[in-house]
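All heavy atoms count here, side chains included; hydrogens, waters and symmetry mates do not. All residue numbers in this chain count up from 1 along the given sequence.
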Amino acid sequence: MTDSAWTLDPTASRLGYVSIKAGEVAENNRFDTLSGKVATDGTASVDVSLASVNTGVAVRNERMRDVFFAVADNPTATITAKLDPARFGGLMVGQTVSRPLQASVTIKGASADIVTEVLVTRTGEDRVMVLSAAPVIISTDMFGLTDELGELRALAQLPSITPAVPVTFTLVFTRG
């Protein structure tokens, strides 16, 4: 499994988060455009097109792109990790293993480390699926986005938008 590079399958992969406004209204959101790879040495990276944010509401998408992420200057968020290829070498088709994952997330030039648990399933000879075992909690203060969150709250005329969001992901990689 570790003898060649793996490429993210963007059609089978998903990165989503739940936002909470006014203290009690939860909304599912996602990013529709992802790309990435895992090199033979275990260097993994996933790029998230911030312009692909999909909140289900056109005006909210526009505000997220223009005000929160400022995609004209910051089009991509990047997630990087260094994996130990040997820990996955014996994974058989249909087998799932749970592994800790430490990654670095960069948004608008600010980076933060996250630690989570992932479930890795070899779904085919040349296909692996990586799922978050539990939501990863990301906060605006990790990336210096607190002021931007305040701008969104004011534009939407809301009493609050929770600064921490649970993030989940399903990443599917194919070999070759």
Checklist line | Close side-chain approach of T40 and W6, heavy atoms under 4.5 Å | finding: no

Item checked: Value rounded to 0.5 Å, distance of CG in D147 from OG1 in T140 -> 9.5 Å

Item checked: Min side-chain heavy-atom separation L50-F68 under 4.5 Å -> no

Checklist line | Backbone of G23 reached by a side-chain donor or acceptor of S160 within 3.5 Å | finding: yes

Checklist line | Salt-bridge contact R122-E125 (side-chain N to carboxylate O under 4.0 Å) | finding: yes

Check: Between the side chains of T146 and D141, does any donor sit under 3.5 Å from an acceptor?
Finding: no

Next item on the list: Write down the atom of F173, the atom of G36, and the distance for their closest heavy-atom approach.
Entry: CE2-C, 4.4 Å

Note to self: Assess, by modelled atom type and distance only, whether the side chains of T33 and S49 contain a donor and an acceptor separated by less than 3.5 Å.
What the structure shows: no

Note to self: Nearest 0.5 angstrom please: D47 CG to I79 CD1, how far?
What the structure shows: 8.5 Å

Margin query: I'd like to check K21 versus T162 (side-chain heavy atoms, cut-off strictly below 4.5 Å). Are they in contact?
Written below: no

Note to self: Donor-acceptor check, side chain of Q95 to backbone of M92, threshold 3.5 angstrom: yes or no?
What the structure shows: yes

Check: So which residues get pulled into V115's cluster when ILVMFWY side chains under 4.5 Å apart are joined, directly or through others?
Finding: none

Check: Between I137 and V165, is there a shared hydrophobic cluster once you connect ILVMFWY residues whose side-chain heavy atoms come closer than 4.5 Å?
Finding: no

Notebook entry, point to check: Which value, rounded to the nearest 0.5 Å, describes the distance between L152 atom CG and L158 atom CG?
Noted result: 9.5 Å

Item checked: Flag if over 12 foreign heavy atoms under 6.0 Å of NZ, K37 -> no

Checklist line | Contact summary for P166 and P135, nearest pair of heavy atoms | finding: CB-CB, 3.6 Å

Margin query: Do N28 and V18 have side chains that approach each other closer than 4.5 Å (heavy atoms only, starting at C-beta)?
Written below: yes

Checklist line | Step-by-step side chain to side chain contact (heavy atoms under 4.5 Å, CB included) determination, L8 to L34 | finding: CA-CA 8 Å; L8 184 80; L34 308 172; 3.6 Å; yes

Item checked: Note, F169 side chain near V130 side chain (heavy atom, < 4.5 Å) -> yes

Next item on the list: If a pair satisfies salt bridge (charged side-chain N to carboxylate O under 4.0 Å, His left out) and one of its residues is in residues 49-59, list it, with sequence neighbours excluded.
Entry: none

Checklist line | side-chain contact (heavy atoms from CB on, under 4.5 Å), paired with L91, selected from T121, T96, V120 | finding: V120

Margin query: Quick check: do L171 and L131 have side-chain heavy atoms less than 4.5 Å from each other?
Written below: no

Note to self: Ignoring hydrogens, what is the shortest heavy-atom contact between V172 and A12? Give both atom names and the distance.
What the structure shows: CG2-O, 3.6 Å

Next item on the list: Flag yes if M142 and V48 sit in one hydrophobic cluster, no otherwise; membership is Ile, Leu, Val, Met, Phe, Trp, Tyr, and two members link when side-chain heavy atoms are under 4.5 Å apart.
Entry: yes

Notebook entry, point to check: Any donor and acceptor pair, going by atom type alone, linking the side chain of T170 with main-chain N or O of R14 inside 3.5 Å?
Noted result: no

Next item on the list: Tell me, please, which residues at least two apart from R30 pass side chain to side chain donor-acceptor pair (under 3.5 Å).
Entry: D32

Note to self: Under a 3.5 Å threshold, yes or no: a donor from one side chain and an acceptor from the other, between N29 and S19?
What the structure shows: yes

Margin query: Under the salt bridge (charged side-chain N to carboxylate O under 4.0 Å, His left out) definition, can you give me all pairs with a residue in residues 51-78, not counting sequence neighbours?
Written below: E27-R60

Notebook entry, point to check: For R127, what residues pass the salt bridge (Lys or Arg N to Asp or Glu O under 4.0 Å) criterion, not counting sequence neighbours?
Noted result: D9

Next item on the list: Please test V46 against T78 for side chain to side chain contact (heavy atoms under 4.5 Å, CB included), starting from the C-alpha separation and ending with a verdict.
Entry: CA-CA 6 Å; V46 173; T78 304; over 6 Å; no

Notebook entry, point to check: Could you walk me through whether F69 and N74 pass the side chain to side chain contact (heavy atoms under 4.5 Å, CB included) check?
Noted result: CA-CA 7 Å; F69 292 122; N74 306 284; 5.9 Å; no

Next item on the list: Please check if L149 and V167 belong to a single hydrophobic cluster, counting links between Ile, Leu, Val, Met, Phe, Trp and Tyr side chain heavy atoms closer than 4.5 Å.
Entry: yes

Next item on the list: Heavy atoms only: give me the nearest V67-E148 pair and the separation to one decimal.
Entry: O-CG, 3.6 Å

Item checked: Pairwise side-chain contact, I20 with V25, heavy-atom cut-off 4.5 Å (strictly under) -> no

Next item on the list: Report the C-alpha distance between Y17 and V53 in whole Å, list the side-chain angles of each, state the deciding distance to 0.1 Å, and finish with yes or no for side chain to side chain contact (heavy atoms under 4.5 Å, CB included).
Entry: CA-CA 10 Å; Y17 65 97; V53 65; 3.6 Å; yes

Check: How far apart are the closest heavy atoms of A70 and K108, and which atoms are they?
Finding: CB-NZ, 4.1 Å

Next item on the list: Identify, with sequence neighbours excluded, every residue that meets side chain to side chain donor-acceptor pair (under 3.5 Å) alongside S13.
Entry: none

Next item on the list: Grab the two heavy atoms, one from S111 and one from T106, that are nearest each other, plus how far apart they are.
Entry: OG-OG1, 2.6 Å

